[in-house]
Chemist: 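Input: one structure, supplied below.
Residues: numbered from 1 along the sequence shown. The structure presented is a predicted model; accordingly, all values stated were derived computationally and were not measured.
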Amino acid sequence: MAKKDVLFMQEALKEAQKAFAEDEVPVGAVIVHKSRVIARGHNQVERLKDPTAHAEMLALTSATNFLGTKWLNEASLYVTIEPCSMCAGALVLARIKNLYYGADDPKAGACGSVINIVTHKKLNHRIKVTKGILEDKSSSLLKDFFKKKRKK
């Protein structure tokens with residue numbers, strides 16, 4: 001695992017911490033272009049009352065606005081958990097080059113756990129996927145969040 005990948009995933013974890021503090025499912029994402037973070041996002045589903053306000057979706061919108069283009073074919077997404085089918089589909093449509101994620105999502109993951117959208121041969125774009133970066137930290141943040149929720 002490259003040092004830069006760990007550093008960028010740490011940035012995604014900072015975003016996930018923001019979500020945790022806001023009582024949102026703690027998922028964070030950053031988009032990197034030419035070795036610098038150009039967009040950040042964390043889940044805001046509850047705050048915005050919007051089921052599409054996932055960390056990845058918010059980061060995608062921010063990145064395309066920043067670059068002034070709909071294609072992110074030279075960009076990489078770092079996200080703390082495996083993207084769901086909505087987010088994975090959006091990543092394909094945005095033509096993200098690389099996806100790096102922390103923990104697998106055995107219930108809704110669309111990058112291999114439940115289904116695999118990002119490397120599907122019938123789609124017009126495939127994404128290079130690297131998983132397991134800071135997996136323990138990403139996973140424990142989610143577990144702590146849901147443990148706290150169950151206590152309430």
Side-chain angles (χ1 to χ4, degrees), residues 1-22 24-45 47-48 50-142 145:
M1 176 175 347
K3 184 179 178 184
K4 70 174 178 63
D5 296 333
V6 171
L7 291 172
F8 290 133
M9 189 60 75
Q10 287 171 333
E11 291 300 308
L13 278 163
K14 287 178 188 175
E15 290 298 312
Q17 290 281 3
K18 289 179 189 176
F20 189 101
E22 295 169 10
E24 297 273 359
V25 176
V27 178
V30 296
I31 295 181
V32 175
H33 182 260
K34 295 183 178 175
S35 298
R36 79 181 237 243
V37 174
I38 62 164
R40 297 172 178 276
H42 61 275
N43 276 3
Q44 295 184 42
V45 172
R47 174 198 282 183
L48 299 176
D50 178 356
T52 69
H54 290 195
E56 302 95 319
M57 301 296 283
L58 298 171
L60 278 174
T61 299
S62 181
T64 56
N65 286 335
F66 179 85
L67 294 174
T69 179
K70 64 182 176 180
W71 305 133
L72 298 172
N73 51 1
E74 292 303 315
S76 298
L77 172 75
Y78 291 80
V79 62
T80 55
I81 193 167
E82 179 182 3
C84 70
S85 57
M86 173 186 67
C87 294
L91 295 174
V92 170
L93 291 173
R95 298 186 183 175
I96 276 274
K97 184 175 187 175
N98 302 296
L99 165 63
Y100 301 89
Y101 71 85
D104 286 334
D105 184 349
K107 293 183 179 176
C111 303
S113 289
V114 177
I115 58 174
N116 195 338
I117 292 173
V118 295
T119 61
H120 196 284
K121 302 230 181 306
K122 287 193 175 188
L123 297 177
N124 69 341
H125 178 73
R126 280 166 287 295
I127 300 168
K128 183 177 180 244
V129 179
T130 304
K131 65 181 192 170
I133 300 171
L134 300 181
E135 179 178 7
D136 291 345
K137 288 184 179 183
S138 297
S139 181
S140 66
L141 190 59
L142 283 160
F145 177 79

Chemist: Evaluate side-chain contact (heavy atoms from CB on, under 4.5 Å) for Leu123 paired with Ile117, printing each intermediate quantity in order.
Modeler: CA-CA 8 Å; Leu123 297 177; Ile117 292 173; 3.9 Å; yes

Chemist: Give, for atom SG of Cys84 and atom CE of Met57, the distance between the pair rounded to the nearest 0.5 Å.
Modeler: 8.0 Å

Chemist: What are the two closest heavy atoms between His54 and Cys87, and how far apart are they?
Modeler: ND1-SG, 3.4 Å

Chemist: Taking side chain as C-beta onward, heavy atoms only, is Asn98 less than 4.5 Å from Thr130?
Modeler: no

Chemist: Donor-acceptor pair, distance only, cut-off 3.5 Å: does the side chain of Thr64 make one with the backbone of Leu60?
Modeler: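 Judged by distance alone, yes, a pair lies under 3.5 Å.
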
Chemist: Would you check if the side chain of Ser139 reaches a backbone N or O of Glu135 as a donor-acceptor pair within less than 3.5 Å?
Modeler: no

Chemist: So how far is it from Ile38 CD1 to Phe66 CZ, rounded to the nearest 0.5 Å?
Modeler: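 Here the rounded value is 6.0 Å.
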
Chemist: So that I can tick it off, tell me whether Glu24 and Arg47 are bridged by a salt bridge, with the cut-off set at under 4.0 angstrom between side-chain N and carboxylate O.
Modeler: no

Chemist: So, for Asn43 and Ala55, which heavy atoms are closest and what is the spacing to 0.1 Å?
Modeler: OD1-N, 2.8 Å

Chemist: Around atom NZ of Lys128, are there more than 12 heavy atoms of other residues, nucleotides or ligands at under 6.0 Å?
Modeler: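 Not more than 12 within 6.0 Å, no.
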
Chemist: How many angstroms lie between CG in Asn116 and SG in Cys111, if you round to the nearest 0.5 Å?
Modeler: 6.5 Å

Chemist: Are the side chain of His33 and the backbone of Ala39 linked by a donor-acceptor contact shorter than 3.5 Å?
Modeler: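 No, because the side chain of His33 does not come within donor-acceptor range (under 3.5 Å) of the backbone of Ala39.
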
Chemist: Can you give me the closest heavy-atom contact between Val92 and Ile127, atom names plus distance?
Modeler: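 Closest heavy-atom pair between Val92 and Ile127: N-CD1, 3.9 Å.
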
Chemist: If only atom types and distance count, is the side chain of Thr80 paired as donor or acceptor with the main-chain N or O of Gly28 below 3.5 Å?
Modeler: yes

Chemist: First locate atom OG1 of Thr52, then atom CE of Met86, and finally report the distance between them rounded to the nearest 0.5 Å.
Modeler: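 Between atom OG1 of Thr52 and atom CE of Met86 there are 5.5 Å.
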
Chemist: Which pair of heavy atoms, one from Leu77 and one from Ile31, lies closest together, and at what distance?
Modeler: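 Where Leu77 meets Ile31 most closely, the heavy atoms are CD1-CG1, 3.6 Å.
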
Chemist: Does any part of the side chain of Glu15, heavy atoms only, come nearer than 4.5 Å to the side chain of Tyr78, both counted from C-beta?
Modeler: no

Chemist: Say you draw a straight line from NZ of Lys70 to CG of Asn65; how long is it, rounded to the nearest 0.5 Å?
Modeler: 14.5 Å

Chemist: Taking C-beta and beyond as the side chain, do Pro26 and Gln17 meet within less than 4.5 Å on heavy atoms?
Modeler: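 No, too far: nothing below the 4.5 Å cut-off.
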
Chemist: So does Asp105 get a backbone contact from the side chain of Glu82, meaning a donor-acceptor N/O pair under 3.5 Å?
Modeler: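 Here the side-chain-to-backbone pair exists.
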
Chemist: So do the side chains of His42 and Glu22 get within less than 4.5 Å of each other, counting heavy atoms only?
Modeler: yes

Chemist: List the atom of Val37, the atom of Val30, and the distance in Å for their closest heavy-atom pair.
Modeler: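 Heavy atoms of Val37 and Val30 come nearest at CG1-CB, 4.0 Å.
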
Chemist: Pick one: which of Lys97, Lys34, Arg95 meets salt bridge (Lys or Arg N to Asp or Glu O under 4.0 Å) with Glu74?
Modeler: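 The passing option is Lys97.
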
Chemist: Kindly give the heavy-atom pair with the smallest separation between Lys14 and Glu11, and that separation in Å.
Modeler: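 So the two residues come closest at NZ-OE2, 2.8 Å.
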
Chemist: To the closest 0.5 Å, what do you measure between CG (Asp50) and CG (Leu58)?
Modeler: 8.0 Å

Chemist: When Leu72 is tested against each of Leu93, Leu67, Leu91 for side chain to side chain contact (heavy atoms under 4.5 Å, CB included), which residue passes?
Modeler: Leu67

